[in-house]
Each structure stands twice: as structure tokens, then as C-alpha cells.
Amino acid sequence: MTITGLFSQLLQVVVALALAPLLIGWVNQCRAWLSNRRAPPITLPYRTIRKLFTKDAVVADNASPIFRITPYVVFGAMCCAAAIVPSLATTLPFASAADAIALVGLFALARVFIALAAMDIGTSFGSLGARREMFIGFLAEPALLMVLFTASLISGSTSLATIVDTLAHRELGIYPSLAFAGVAFTMVSLAENARIPIDNPATHLELTMIHEAMVLEYSARHLALLEWASWLKLFNYSCIGLALFVPFGIASGTGWTELLAAAPALIGKLAIGGALLALIETLSAKLRVFRAPEFLGTAFMLAVLAMLVNLLLGS
Amino acid sequence: MSPAPLALIGFAAAAWLAIGAAGLIRPRSLRAVRTLFSLGSVLGVAIAVVACVALAGSPESAVLPLGLPDLPFHLRVDALSAFFLLLLGSATAAISLFSAGYFRSGSGTAPGLICFQYHAFVAAMVLVLIADDAYVFMVAWETMALASYFLVTTDHRIPEIRRAGFLYLLIAHVGAIAILLCFGVLQGGHGDYTFAAMRSITLPGWWGSAAFFLALTGFGAKAGVLPLHVWLPEAHPAAPSPVSALMSGVMLKTAIYGLLRVTFDLLGAQLWWWGAIALALGLVSALFGVIFAAAQTDMKRLLAYSSIENIGILVAAMGLVILFKTNAKPLLAAIALAALLYHALNHAMFKSLLFLATGSVLHATKERSLGKLGGLIHRMPWVAWLALAGTLASAGLPPLNGFVSEWLLLQAFLFTPTLPQSFINMLVPLAAAALVLAVALAGYVMVKFYGVIFLGRPREPSLAYAQDAGGFERAGLVALAAACVLLGIFPATVLAAIDHVTSLLVGSQASGGDTSWLLLAPLGAERSSYSPLIVLGAIVGAVLITIQLVHRMWHGRVRRAPAWDCGFPLQTPRMQDTAEGFGQPIRQVFEPFFRIERHLPSPFDAKPRYSVVASDHWWHWLYLPIARAAEAVARLFGLIQRGRISVYLTYSFVTLLALLLFVL
């Protein structure tokens with residue numbers, strides 16, 4: 001581990017932290033345009049965070065320490081995930097500490113903590129949200145793992161860096177297994193990031209909310225960290241998707257010039273990806289909670305199919 | 001020269017028996033029992049230390065002039081026994097420490113008698129692990145079953161507990177018969193029942209398969225593999241919590257030990273399709289167990305079903321080992337076997353921890369039903385925080401121990417597609433999918449377990465008087481929680497110990513590749529790597545830096561206020577999710593798995609009641625038909641049993657006549 005490697009690693013995390021609110025601002029802007037509304041400024045998420053940090057945190061009387069530590073744990077786990085996901089470069093020092101399976105484990109850790117915190121106050125909405133979140137998670141997590149396994153089978157490795165290197169240096173063409181995996185991954189990302197059609201990030205309607213129900217009791221800096229972590233999660237998922245299915249322009253070294261060259265490519269891909277996400281969200285309607293298993297079951301089956309196709313056709 | 005490990009282990013087992021016998025002197029004296037359990041705990045540590053030495057040493061055997069005249073006891077300790085002795089010693093040490101504070105005089109068995117049964121149980125398990133002939137093995141196995149039966153029925157005045165004990169004994173004996181028959185097949189007609197003789201014979205194909213399936217049935221009955229799992233969810237809630245911990249954490253592992261001993265050591269794992277069947281059976285058990293765990297409302301039943309899940313994972317891993325070994329892929333076989341042994345060790349730690357935590361909760365609240373608990377983290381912080389370690393480990397989350405073994409197993413799964421059987425290659429993605437589904441569901445189950453017991457608001461007013469666990473109980477819990485963390489962050493050290501077993505059974509080592517103390521990379525860092533210590537450091541570092549930055553740049557002010565809950569004015573603890581409510585989505589998605597009896601209130605009910613009972617299909621598919629058949633046969637015999645002496649005399653006379661005719 002060299003000093004430059006360490007700095008590049010830190011740079012990647014800082015870039016992720018800085019770009020995550022911008023990505024969500026961009027998605028919200030696109031959504032507003034697509035539904036013929038006047039768009040909020042793209043920097044709104046930054047202002048929201050700053051506003052929340054200056055406020056006094058209000059914590060329920062019967063909250064346990066789990067409630068107060070959770071925002072930090074979730075945020076920390078997402079920062080680690082941002083260090084693992086190859087967004088700018090593949091050969092970063094932290095990449096060898098955790099592979100694709102450990103990455104899914106980190107997401108699961110964040111999910112379990114946020115669900116526990118939601119149950120901690122003992123309100124009806126909190127436990128409802130926790131139950132729904134774990135319900136979505138138990139189907140989405142295997143589907144995500146199967147998508148990553150398909151990519152691992154192609155590259156013979158579960159290390160994300162090796163996967164991306166292999167995928168980026170293949171012949172350009174349509175690979176049926178990756179096509180299936182791509183559809184499955186898109187569906188899982190929508191569900192995991194609380195987007196339409198599984199959850200609606202813009203609602204506080206009791207009967208439909210999942211993520212919002214869990215963070216209802218949070219305020220001020222705790223809420224800011226949780227919101228930032230959820231944006232970071234969207235950023236991480238987008239970067240995983242880009243790295244697996246559009247793995248071009250990612251630096252394979254750790255030099256400053258390479259990283260600087262990789263940044264515009266990343267921002268360009270994220271801009272297109274964010275616009276597509278807004279398009280999907282605008283075109284679809286939210287599903288009832290009990291239709292979610294069908295949606296995620298389809299994603300899971302597609303991911304398994306991708307693995308089977310890969311084994312049968314070898315591509 | 002230092003004393004031989006085998007002798008030390010034998011002495012420790014005898015000392016455990018002596019401690020147990022000493023408990024009988026003053027059975028109602030709590031102070032005596034407390035001292036004896038503490039001594040037993042020290043012996044557990046000693047066994048673990050000796051096992052560590054034996055693990056690295058060469059196999060060692062002894063013949064004791066005990067038993068019947070022509071049948072001396074053959075004992076042997078090799079790496080496989082030593083590994084399981086290590087598991088037994090370390091888990092028992094913590095559980096005994098907890099037990100020292102747990103057992104109090106109640107309406108059931110006297111504490112001194114429990115002390116005797118407990119130590120006889122542990123000593124019998126040691127003997128199972130060091131037995132080197134079928135005779136000693138069966139004696140120890142049956143002693144273990146009987147001692148645990150008596151422990152399960154500690155509260156024997158309650159009819160359900162007697163019923164649970166009977167069911168346990170029944171299935172234990174069905175299993176024992178299968179094991180006995182298995183040894184009968186294994187000796188191959190030579191009449192020599194030592195393991196050494198069995199090892200030297202190669203059985204012809206079908207006899208080998210018969211032995212394997214008898215072993216799978218027999219040990220599967222003890223381990224709780226589908227469909228012989230029904231005793232687990234009955235016996236675990238019935239038994240006192242330390243006994244549940246010992247049974248789930250250690251006794252189930254002796255069954256896994258037996259399965260490994262017979263399959264790899266005595267039979268030499270001959271045919272690949274044994275592996276395919278074990279894999280399928282294990283995955284079905286795992287999925288079934290975890291789905292049922294999600295629907296449970298009794299905290300100990302929930303953990304019992306979760307044990308079925310974990311045993312299923314172990315059996316599936318064994319199937320994978322057989323597949324790799326028969327296809328001459330020693331490195332992959334070693335990784336799968338290492339995953340199996342690692343998971344067995346992890347499960348012993350986290351499941352014992354969780355069972356003991358339920359014991360403390362039970363003592364403090366007298367409640368086992370999840371629907372009547374809640375908010376205990378405020379009243380019982382020690383138990384709650386230590387149980388959190390077990391919960392996260394059991395949910396398979398990094399950087400705790402449950403994740404490491406699952407990671408290793410998934411690695412083994414991922415590189416399966418190099419097998420020559422294309423049929424198996426096709427099924428492996430499905431198997432991997434089933435495994436990850438089971439692991440993800442385990443997260444659901446554990447959030448339910450922890451959230452409903454320890455978080456939220458107390459569902460009953462009496463919970464406000466719950467007391468935290470005492471000193472001994474805390475010490476036991478701390479030891480197990482520390483084991484969960486340490487096993488999680490130093491996997492390379494554990495793998496180095498497991499290597500002795502893998503080189504014995506499959507002839508390769510799992511800690512090859514780029515594995516160092518910091519990094520786990522059995523197949524080389526290019527293919528996969530995981531470093532729990534770095535992950536832990538990164539998360540803790542990120543958390544600390546964030547806290548510091550936020551507090552420095554802005555402020556750390558906190559105001560306490562009533563919960564908001566979207567502004568709803570009236571909130572009662574009854575409005576939280578119950579255990580039924582939390583498990584309801586799973587019950588709905590997996591409805592065909594359950595046999596559901598719903599009672600819906602009609603509009604005219606004066607006292608409307610709604611109830612749902614989700615029970616196990618296997619009762620109705622397998623056990624009740626067998627019970628009915630047994631009753632029908634008994635009724636047939638009843639026809640000839642008239643209860644009059646003249647009729648019986650006539651039978652004897654007719655039999656004599658028939659025999660005379662036959663002889664003449």
C-alpha cells in the first residue's frame with residue numbers, strides 16, 4: 001500500500017460523498033421536468049443537509065443508544081462501500097479488503113441497523129417500516145448477489161476490481177447473460193434505493209412508505225446523515241451498475257492524471273444513468289406492497305437465469 | 001515429556017463425571033452447585049487448550065480394559081476429534097459459567113441432580129468424540145441421548161414438557177437404530193467393530209451407499225435434518241436455556257462429527273451422487289428452517305428453527321465437499337470443508353449466546369412468548385448488547401463470524417462449475433440461489449428476534465421490573481460474544497487450525513493462496529479476498545471521524561421529547577408490531593410451506609377472536625400417518641390379546657404343537 005494509493009482511495013470516497021447529493025438533485029430535477037413541473041435547483045440536497053446539521057436533534061424519550069448510533073453506522077458502512085465500489089479506479093488499496101460478497105454484506109449491515117433503529121422507539125410506523133424494509137431486503141439481497149455471481153463467473157473472480165478489468169477488456173458485443181443480469185440489477189436497484197415502483201421517496205403517505213417510515217423519528221444531524229447515506233447508497237448502486245455493464249473509462253492505475261481523466265467519464269455516465277432512472281420512475285406507477293415479492297421474485301429469477309445462461313452458453 | 005493429549009482428555013471427562021457426582025451429595029445446596037459449575041467451566045477451558053495441542057499433533061490411540069471381557073474400549077484422538085473437542089470445550093466453558101448463575105431451586109429437578117445430568121451429558125459427548133470403535137461410540141451416544149432427555153424434562157411436572165421429552169427420545173432412538181445398522185454394514189461381515197478395521201475395508205458400491213444413507217438418517221435425526229427435525233422445536237423450548245444452548249451449540253455438532261467421521265474417514269466418500277443428495281437435503285432443510293423461524297412467536301422455538309437452518313447449511317456444505325472430493329478437486333473440497341467446520345464453530349458460539357440470552361430474559365420476565373416482551377434494552381442492557389453481537393453474527397453480517405463461513409461457502413459454490421457432471425453444474429446456480437435466500441432470510445429472522453425482545457416499548461407492564469443478568473450469567477455471555485467477534489476478525493488463524501482437519505480428510509489445505517493474518521484469500525487475491533479486520537477498522541474509523549466532524553463543525557445538542565409518530569396523539573405499546581405481525585409477510589409469501597388454520601370472527605360474535613396457527617406439514621404428511629399405522633397394528637395385536645389366562649395357555653399349547661410338528 002503506497003501513500004499515493006491511500007490518497008487515491010480517500011479521493012474516491014470524497015468524490016462519492018460530494019457527488020451523491022448532486023446525483024439525487026439531478027434525478028429530482030429530471031423527474032420534475034418529465035412531469036412538467038418547475039425543477040428545484042440541483043444543489044437543493046446540499047442545502048438540505050446544511051440546514052439539518054445546524055438544527056437541534058430531537059430524540060424520543062425512550063430511545064436507546066442503538067437509535068443514536070445507527071445514523072453513524074449506516075453512514076460509515078456506506079462510506080466503506082464507496083471505497084470498495086470501483087467508481088473512479090479499480091486498483092485501489094481497499095479493494096482487496098472486501099469483494100463483491102462483502103459489499104453485499106455491508107449493505108445488509110446498514111439495512112439491519114436501520115431496521116433495528118426503526119423498531120427502537122416502538123411506534124407503529126417504525127416497526128411497519130422495519131418489517132417492510134427487511135421484507136424487500138430478503139428478496140433483493142439474493143438477487144443482487146446472483147447478479148454479482150454472474151459477473152464473477154465470467155471473470156472467475158469475486159473481486160470487483162478483477163471483474164471490472166475483465167469486463168472492460170472483453171470484445172464489444174451483446175452477452176445474453178449480462179443482458180439478463182442487467183435487467184435484474186436495474187429492478188433490484190429500484191427496490192433497494194426506495195424508488196418507484198417499490199417505494200416512493202416523495203411520499204409520507206402511511207400506507208405506502210417504507211424508507212420514510214423508518215426514519216420518521218429522526219431529526220437534524222441524524223436525519224442528515226441517514227439521508228446522505230441513502231443518497232450515497234444510490235450513488236454506490238449506480239456505480240456498481242456502471243462498472244458491471246458499462247465498464248469503460250474507469251482508471252486501472254492510481255495516478256492523479258488517470259483519476260482526473262476518469263472523473264469526467266464517471267460524471268457523464270452518472271448523468272445519463274440518473275436521467276434514465278427519472279424516466280423509469282416517471283413512467284411506472286407504485287406497486288402495492290404485496291406486489292413487491294412478484295417484482296423482486298422476477299428480478300431474482302432473471303438473475304438466476306443469467307447465471308444459467310452463462311453456464312450453458314459460456315457467454 | 002509432556003502428558004499425552006488423549007490421557008488428559010480422558011481425565012477431564014472423568015473429572016466432569018466426578019463433578020456431576022459431587023452435585024448429588026447436597027442436591028439442594030445452591031452454593032455447592034455454583035462452585036461445581038464453575039469448576040466444570042475451568043475444565044472446559046482445559047479441554048479446549050488440550051484440543052488445540054492435539055489438533056496439531058499426530059493421531060494417538062489407546063485401549064482401555066473397560067467394558068465387556070472381549071470388548072475393550074478403543075479410544076483415539078485425531079485432528080477431526082480434536083477440532084470438535086475444541087468446539088465442545090470452549091462452548092461448554094462459557095455455558096457452564098452461565099449455568100453457575102442460572103440454575104435455582106424450582107419445582108422441577110433439584111439443582112444438584114441437574115448438575116449431575118449436565119456433566120454426564122458433557123462427558124458422554126467427549127466420549128463420542130474420542131471413541132474408536134462402534135461399541136464405545138454407541139454407549140456414549142446413548143448416554144448422551146439419555147442424559148439430555150432428563151435435562152430436557154427438568155420441569156417434568158408440565159405435560160407438554162413430558163411430551164416434548166418423549167418425542168425427543170423417540171427420534172433419538174430411531175436415529176440410534178440407523179447408526180447401529182450403519183456400523184453393522186460398515187464392518188463388512190468380519191465382525192470387527194473397531195474403526196481401524198472399518199477404515200481398512202472398502203465396501204462394494206451398494207453397501208457403501210447403504211452405510212452412507214443409514215448414517216445420514218441416524219446422524220440427521222440427531223442434527224435435525226428434514227424430515228427428522230420435529231423434535232428440535234419441541235425440545236428446545238422445553239429445556240432450561242443452558243441445556244438448549246448445549247444441545248443446539250454442541251450436541252448437534254456431535255451429529256455432524258459422526259457424519260463426517262463415517263463419510264470421510266470410515267467410508268472414504270466414494271460416490272459423487274451422495275454429495276448431490278446431501279446438498280439438496282441440506283438446502284431444503286435450511287430454507288424450511290428459516291422460513292419457519294420467521295413465523296414463530298416463541299423465542300426459543302424461533303432459535304430452534306434457526307438451528308435447523310444452520311444444520312441444513314452444514315449438511316449442504318458436506319454435500320459440496322463430497323462432490324469435490326470424488327471429482328478429485330482437493331483444494332475446493334478443502335475450502336468447502338473449512339467452511340463447514342468454521343460454520344459449525346460459529347454456530348456453536350452465536351447460537352449458544354442467543355439461547356443463553358433467552359435464558360436471562362426468561363428468568364427476568366418469566367415470559368417466552370415474543371408477544372409479551374419488548375423494550376428490554378433499557379432494563380437489561382448487558383444481555384441486550386451482548387445478544388446484539390450474537391444477532392449480527394447469526395444474520396451473517398460482516399465483520400462478525402457468521403459472515404466468514406458463509407463467505408467461504410459461497411466461494412466454494414462459485415467455483416463449482418468446473419465439475420464433470422453437467423447435470424450438477426446446471427443445478428449449482430439454483431443451489432447457490434437457495435443458499436443466499438436462506439442467508440438473507442436469516443437476517444429477517446434475527447431482526448425480528450432482537451427487535452421484538454429488546455427494542456421498542458414493553459408490551460406488558462410487568463416488564464418494568466425486569467432485572468439484568470447476574471455476574472456469572474454476564475461472564476458466560478461476554479465470553480461467547482467475544483468469541484463471535486474474535487472468530488470474525490481473525491479468520492486466518494482459525495483456518496490455520498482447521499487446515500489440520502482438511503489435510504486429514506481431503507488431503508489439501510484451505511488457507512493457501514494469498515492468505516495472511518490480515519487477509520483471507522484461499523484462492524489467491526486475484527480471485528477473491530476479504531479482510532474483516534480492515535473492514536471493521538474502516539467502519540469504526542468512519543463512524544468516529546463522522547461523529548467528530550459533525551460535532552466539531554456544527555454541534556452535538558440533543559433534546560428529548562415524546563415520540564412523534566407522524567403526529568398521532570394516542571400511542572400504546574400494543575400498536576407496535578407483534579411477532580405474528582412481523583412474520584406475516586413471510587407467512588404470506590411462503591404460504592404453501594405452512595399448514596395454516598385460521599379462525600376468523602363472524603359478525604355476530606359477542607367476543608370476536610382472531611387466531612392463526614401455522615404448523616408443520618411434516619406432522620400431517622409423515623408422523624401422524626406413521627402413528628396411525630402403529631395404532632392400527634397395535635389394534636390387530638389387541639385382537640389376539642384377550643386378557644384371559646386360558647386363551648394365552650391355548651396359544652402356548654398351539655405353539656408347542658407347531659414346533660413339535662416342525663421338529664418331527
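Throughout, a chain's letter reflects where its sequence line sits, starting with A, and its residues are numbered from 1.
- The closest side-chain heavy-atom distance from B/M575 to A/T123 is not below 4.5 Å.
- Within the 4.5 Å cutoff, side-chain heavy atoms of A/F149 are placed close to those of B/L410.
- Of the listed residues A/D56, A/L109, A/T162, the one with more heavy-atom pairs under 4.5 angstrom with chain B than any other is A/D56.
- Neither the backbone nor the side chain of A/R111 comes within less than 4.5 Å of any heavy atom in chain B.
- B/Q411 is listed as a side-chain neighbour of A/D99, based on a closest heavy-atom distance under 4.5 Å.
- The shortest distance between side-chain heavy atoms of B/L388 and A/I66 falls below 4.5 Å.
- Note that CG of A/L216 and CH2 of B/W564 are 5.5 Å apart. Values are rounded to the nearest 0.5 Å.
- With a 4.5 Å cut-off on side-chain heavy atoms, A/E141 and B/L437 do not count as touching.
- Looking at A/S124 and B/Q576, their side chains never come closer than 4.5 Å, going by heavy atoms from C-beta outward.
- Here the CG atom belonging to B/L455 is positioned 9.5 Å from the CD1 atom belonging to A/I121, to the nearest 0.5 angstrom.
- Heavy atoms closer than 4.5 Å to chain A are found in the side chain of B/F403, but not in its backbone.
- One distance of note links CD of B/E406 with CD1 of A/I101; it measures 10.5 Å at 0.5 Å rounding.
- For residues 544-560 of chain B, the interface with chain A (any heavy-atom pair closer than 4.5 Å) comprises B/T546, B/I547, B/V550, B/H551, B/W554, B/H555, B/G556, B/R557, B/V558, B/R559, B/R560, sorted by residue number.
- Here the CZ atom belonging to B/F454 is positioned 13.0 Å from the CG atom belonging to A/D120, to the nearest 0.5 angstrom.
- In this structure, chain B has no heavy atom under 4.5 Å from any part of A/I84.
- Side-chain atoms of A/R131 and B/Q584, non-hydrogen and from C-beta on, do get closer than 4.5 Å to each other.
- For B/L392, the part lying near chain A is the side chain, with the backbone staying farther off; criterion is any non-hydrogen pair under 4.5 Å.
- Under the 3.5 Å distance criterion, the side-chain polar atoms of A/E217 are left unmatched by any main-chain donor or acceptor of B/A563.
- Heavy atoms closer than 4.5 Å to chain A are found in both the backbone and the side chain of B/P585.
- A donor-acceptor pair under 3.5 Å links the side-chain atoms of A/S127 to the main chain of B/D577, judged by distance alone.
- If you measure heavy-atom distances from B/V540 to chain A, you find no contacts under 4.5 Å at all.
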